[in-house]
Colleague: 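Have a look at this one before I ask anything.
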Amino acid sequence: MPLAGLSPIDAKRVWLVLNLGFLILALALFSRMTIFTVAQAWLIVFGGYIALRQNFWLGQYYVLLLAILTIAAWCLLRSFERPAAAALATAFALKLYGAPFFLFLAAKRRFRTIIPLIAALLFFAALQVAIFGWHGTVFYMTQVLPRSLEGQTLNPYQPANNTFVTLFRTLLIREPSLNPHPLFDSPAAFAFLQCAFTLSVLLIPALAAWSRPGPVTKTDLAWWSITLLLVSPNTASYTFVLLALPSVLLLDVWPMRRWPYILVPCCFIAFPLRASVTPLFPRAWLQIGRASCRERV
């Protein structure tokens, strides 16, 4: 909003400089959380060059989200409850990516973080009503948000979305103009698989966190950061810049012989795909592969 009064090229320049600042902030916090220097952390993040390039080129704000989530992770590891809550609430207000962390904190029984998180969310809700009005807020909550959570903000059958929700819909929902030949035409099976997948991704690590209450670990934060993308109904190449956070955290705690399990997906997950490969949903499988590697460790 503060940039809306500028010309498009001037706004792009200002946002480019701001994004560089957000990236430097994230790298500085990576060096404080892990054994890596800023230069080493930059090499890890630069492995996802395509995702970074798309953010800077298109003016997306996922580098800002990366910085906010990194601040939250740094604060959680140091038990700075209120700043962590403020950062997660900000991420939640911008892109709903803070939502799974609420379940994580509840499972960990970190109530000293949950209470200020709820207070911050109420503040952002009031701010939303003040900016967009009650009618606009109700319209978003009842019309836009439900369709966003179902993955219908874009073509819901487009394989380039590379999410499991899109995969299930492509296989099981017939749409005469967009998906005329699914493997099976079974809306009931789609509804079951969509719900079962989302609940499994969220509840299995939540139950694991419930069995180990107390301090937040780097492995916990890495898993829940990957969960953000696994349950997302829409992804794009620029979205995967968020994988920098779990990558750096896992490389810090894993032995070097297991580093390829992290670095290889980071380098290839945002690469442009051929049209013949896209229907195989390779990015979705790369994400679930990283998560399964983490569980075995």
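Please read these numbers as outputs of a predicted model, since none were measured by experiment. For this chain, numbers begin at 1 and follow the sequence in order.
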Colleague: Measure the shortest side-chain to side-chain distance between Y238 and L52 over non-hydrogen atoms and say whether it is less than 4.5 angstrom.
Modeller: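 Of all side-chain heavy-atom pairs linking L52 with Y238, none is under 4.5 Å.
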
Colleague: Report yes or no: does D252 contribute a side-chain atom to a donor-acceptor pair with the main-chain N or O of T34 at less than 3.5 Å?
Modeller: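 Not confirmed, D252 side chain does not pair with T34 backbone.
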
Colleague: Can you get from V248 to L43 by hopping between Ile, Leu, Val, Met, Phe, Trp and Tyr side chains that sit under 4.5 Å apart?
Modeller: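 No, no single cluster joins them.
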
Colleague: Keeping W259 on the side-chain end and L251 on the backbone end, is there a donor-acceptor pair under 3.5 Å?
Modeller: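 Yes, because the side chain of W259 sits within donor-acceptor range (under 3.5 Å) of the backbone of L251.
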
Colleague: I'd like a table of donor-acceptor pairs (distance under 3.5 Å, sequence neighbours excluded) in which one partner is a side-chain atom from residues 57-80, with atom names and distances.
Modeller:
from	atom 1	to	atom 2	distance (Å)
Y61	OH	L94	O	3.1
T70	OG1	L66	O	2.6
R78	NH2	R32	O	3.0

Colleague: What about L18 and L29, same hydrophobic cluster or not, with Ile/Leu/Val/Met/Phe/Trp/Tyr joined at side-chain heavy-atom distances under 4.5 Å?
Modeller: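 Same cluster: L18 reaches L29 through Ile, Leu, Val, Met, Phe, Trp or Tyr contacts under 4.5 Å.
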
Colleague: Of the non-hydrogen atoms in A120 and A89, which two are nearest, and what is the gap between them?
Modeller: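 Nearest pair, atom of A120 first, then A89: CB-CB, 3.4 Å.
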
Colleague: Could you tabulate the donor-acceptor pairs under 3.5 Å formed by side-chain atoms of residues 190-200, not counting sequence neighbours?
Modeller:
from	atom 1	to	atom 2	distance (Å)
T198	OG1	Q194	O	3.0
S200	OG	A196	O	2.7

Colleague: Could you label the plane-to-plane angle of the F104 and F101 rings as parallel, tilted or perpendicular, counting under 30° as parallel and over 60° as perpendicular?
Modeller: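 Perpendicular.
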
Colleague: Which pairs with one or both residues in residues 80-93 pass side chain to side chain donor-acceptor pair (under 3.5 Å), sequence neighbours excluded?
Modeller: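 As it turns out, the side chain to side chain donor-acceptor pair (under 3.5 Å) pairs with a partner in residues 80-93, which skip direct neighbours, are E81-R110, E81-T113.
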
Colleague: Restricting to pairs with a member in residues 92-104, which pass salt bridge (Lys or Arg N to Asp or Glu O under 4.0 Å), not counting sequence neighbours?
Modeller: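 Matches after skipping sequence neighbours: none remain.
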
Colleague: So, for A244 and V45, which heavy atoms are closest and what is the spacing to 0.1 Å?
Modeller: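 Here A244 and V45 meet closest at CB-CG2, 3.9 Å.
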
Colleague: Short question: side chain of D185, backbone of I173 - any donor-acceptor pair under 3.5 Å?
Modeller: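 No; zero donor-acceptor contacts below 3.5 Å.
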
Colleague: Counting only heavy atoms not in F124, do more than 12 sit closer than 6.0 Å to its CZ atom?
Modeller: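 Yes - once you tally the heavy atoms of other residues, nucleotides and ligands closer than 6.0 Å, there are more than 12.
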
Colleague: Do N19 side-chain atoms and F56 backbone N/O form a donor-acceptor pair below 3.5 Å?
Modeller: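 Not a single qualifying donor-acceptor pair exists.
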
Colleague: Search all heavy atoms of W223 against all heavy atoms of V201 and return the closest pair with its distance.
Modeller: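 Scanning both residues, the minimum pair turns out to be CZ2-O, 3.8 Å.
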
Colleague: Could you pull out the closest heavy-atom pair between V38 and A28, with the gap in Å?
Modeller: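 Residues V38 and A28, closest heavy atoms: CG2-CA, 4.3 Å.
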
Colleague: So which atom in V241 and which in A51 form the shortest heavy-atom distance, rounded to 0.1 Å?
Modeller: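 Distance-wise, the nearest heavy atoms are N-CB, 3.6 Å.
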
Colleague: Provide the closest heavy-atom pair for S31 versus T37 in the form atom of the first, atom of the second, distance.
Modeller: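 Taking S31 first and T37 second, the nearest heavy atoms are CB-C, 4.0 Å.
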
Colleague: Is there a continuous path of hydrophobic side-chain contacts, each under 4.5 Å between heavy atoms, that joins W210 to F111?
Modeller: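 No; F111 is not reachable from W210 via cluster members.
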
Colleague: Could you state whether I9 and L16 fall into the same hydrophobic cluster, counting links through intermediate Ile, Leu, Val, Met, Phe, Trp or Tyr residues with side-chain heavy atoms under 4.5 angstrom apart?
Modeller: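 I9 and L16: separate clusters.
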
Colleague: Hey, could you give me each pair passing side chain to side chain donor-acceptor pair (under 3.5 Å) that has a residue in residues 98-108? Not counting sequence neighbours.
Modeller: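 For residues 98-108: K108-D220.
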
Colleague: Could you list the donor-acceptor pairs under 3.5 angstrom formed between side-chain atoms of residues 129-147 and any protein atom two or more places apart in sequence or on another chain?
Modeller:
from	atom 1	to	atom 2	distance (Å)
T137	OG1	G133	O	2.9
T142	OG1	V138	O	2.7

Colleague: Following the transitive rule for hydrophobic clusters with a side-chain heavy-atom cut-off under 4.5 Å over Ile, Leu, Val, Met, Phe, Trp and Tyr, establish whether I262 and I35 coincide in one cluster.
Modeller: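 In one cluster with I262: I35, yes.
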
